[in-house]
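Each remark here refers to the structure printed beneath this line.
None of these values were measured; they are calculated from a predicted model.
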Amino acid sequence: MDGHAVLVGREQMLAEWVIELPRELAEAKAAAEAEGRTAVAVAWDGEARGVLTVADAIKQTSAQAVAELRRLGLTPVLLTGDNKLVAESVARAVGIDEVIAEVLPQDKADVVKRLQGEGRTVAMVGDGVNDAAALATADLGLAMGTGTDAAIEAGDLTLVRGDLRVAADAIRLSRRTLTTIKGNLFWAFGYNVAALPLAALGMLNPVIAGAAMAFSSVFVVTNSLRLRTFK
């Protein structure tokens, strides 16, 4: 800005440059955070000059998405770099109990590793550049299709719609698919276990065996096609 050194960021960043917020700006920052907004400090020429407030609008479907995740037996956790008061306000609005706030981008992956170290299986949903490392570290990285290219590249699965409810749908579909695979394997192995001794003893007509094998393949394909009815 015309040769002036400008700093824009959290209060901690200004503190690293030995810049303190004056009382009136500190009060404005506290008031904004109490209302669930994110306060960004602005300083230039070595002095704090103002506080900007921003807020993300919570989608109407987010609370429903969190409820659906809970019904699936999952524990939602809000992991964010935002101020703790702001994060807790958002968490209350959507029904999340566990909040990990004021996390730097490089530390998000460490939080995921810590949760994994506690024996949890972690699915991470993110859309920003800051989420890329955590998405790659999680057991399941779900990138929002409306997010950044870095997040999409790092995720295991991309959710085309920017609706968090799709995350619950993806998990439900994955579980249904896994159940179908296990069912197919059970019947395929059961068929072979029953038929091999009969064939070895010469008690199974080759024509019947071929027909049974064809039927087994048809059963597996038909059973898999049931996934098309998933809603």
Side-chain angles (χ1 to χ4, degrees), residues 61-62 64-77 79 95-96 98 108-109 111-127 131-231:
T61 57
S62 295
Q64 181 182 348
V66 171
E68 290 181 5
L69 291 172
R70 287 189 182 280
R71 282 195 290 270
L72 291 172
L74 305 178
T75 303
V77 178
L79 175 63
I96 295 177
E98 188 172 351
K108 287 187 176 182
V111 172
V112 172
K113 291 178 182 177
R114 176 174 62 79
L115 293 173
Q116 290 171 330
E118 295 174 357
R120 302 191 193 188
T121 299
V122 180
M124 169 75 182
V125 182
D127 61 358
D131 300 322
L135 286 168
T137 304
D139 298 287
L140 174 62
L142 299 172
M144 304 301 290
T146 54
T148 62
D149 291 340
I152 293 173
E153 185 68 24
D156 300 303
L157 184 66
T158 300
L159 306 176
V160 178
R161 287 187 292 152
D163 187 339
L164 192 57
R165 291 178 298 178
V166 181
D169 291 338
I171 293 173
R172 288 173 51 234
L173 178 57
S174 298
R175 289 180 176 179
R176 179 80 64 82
T177 302
L178 185 59
T179 299
T180 300
I181 291 172
K182 290 179 178 178
N184 289 341
L185 289 173
F186 172 80
W187 287 109
F189 276 107
Y191 163 81
N192 285 283
V193 168
L196 281 175
L198 295 177
L201 294 173
M203 300 173 61
L204 189 62
N205 187 297
V207 175
I208 297 176
M213 179 61 74
F215 173 78
S216 175
S217 298
V218 171
F219 171 81
V220 169
V221 172
T222 304
N223 191 41
S224 300
L225 287 175
R226 292 171 58 236
L227 290 171
R228 298 178 63 182
T229 62
F230 176 85
K231 294 183 180 180

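Heavy atoms only, all atoms of each residue included: Pro76 and Val66 are closest at CG-CG1, 3.8 Å. Here the closest non-hydrogen pair linking Ala151 and Ala143 is O-CB, 3.3 Å. When all heavy atoms of Ala132 and Ala150 are compared, the closest pair comes out as CB-O, 3.9 Å.
In the displayed structure, Phe189 atom CZ is contacted under 6.0 Å by at most 12 heavy atoms of other residues, nucleotides or ligands.
Note that CG of Leu157 is 6.5 Å distant from CG of Leu140, once rounded to the nearest 0.5 Å. To the nearest 0.5 angstrom, Arg175 atom CZ is 10.0 Å from Leu178 atom CG. Atom CG of Leu142 sits about 12.0 Å away from atom CG of Asp131, to the nearest 0.5 Å.
In this structure, the side chain to side chain contact (heavy atoms under 4.5 Å, CB included) partners of Thr137, at least two apart in sequence or on a different chain, are Ala109, Val112, Lys113, Gln116. Arg70 meets the side-chain hydrogen bond (donor to acceptor under 3.5 Å, both in side chains) test with Asp97; sequence neighbours excluded.
Taking the side chain as every heavy atom from C-beta outward, Arg226 and Asn223 approach each other to under 4.5 Å.
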Could you tabulate the donor-acceptor pairs under 3.5 Å formed by side-chain atoms of residues 159-171, not counting sequence neighbours?
{"unit_1": "Asp163", "atom_1": "OD1", "unit_2": "Thr61", "atom_2": "OG1", "d": "3.2"}
{"unit_1": "Asp163", "atom_1": "OD1", "unit_2": "Arg165", "atom_2": "N", "d": "3.0"}
{"unit_1": "Asp163", "atom_1": "OD1", "unit_2": "Arg165", "atom_2": "NE", "d": "3.4"}
{"unit_1": "Asp163", "atom_1": "OD2", "unit_2": "Arg165", "atom_2": "NE", "d": "3.0"}
{"unit_1": "Asp163", "atom_1": "OD2", "unit_2": "Arg165", "atom_2": "NH2", "d": "2.7"}
{"unit_1": "Arg165", "atom_1": "NH1", "unit_2": "Gln64", "atom_2": "OE1", "d": "3.3"}
{"unit_1": "Asp169", "atom_1": "OD1", "unit_2": "Arg172", "atom_2": "NH1", "d": "3.1"}

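A donor-acceptor pair under 3.5 Å is formed between the side chain of Asp156 and the backbone N or O of Gly141.
Thr146 and Asp127 share no donor-acceptor pair across their side chains, judged by distance under 3.5 Å alone.
Just one residue in the list Ile181, Asn184, Leu185, Leu225 forms a side-chain contact (heavy atoms from CB on, under 4.5 Å) with Val220, and that residue is Asn184.
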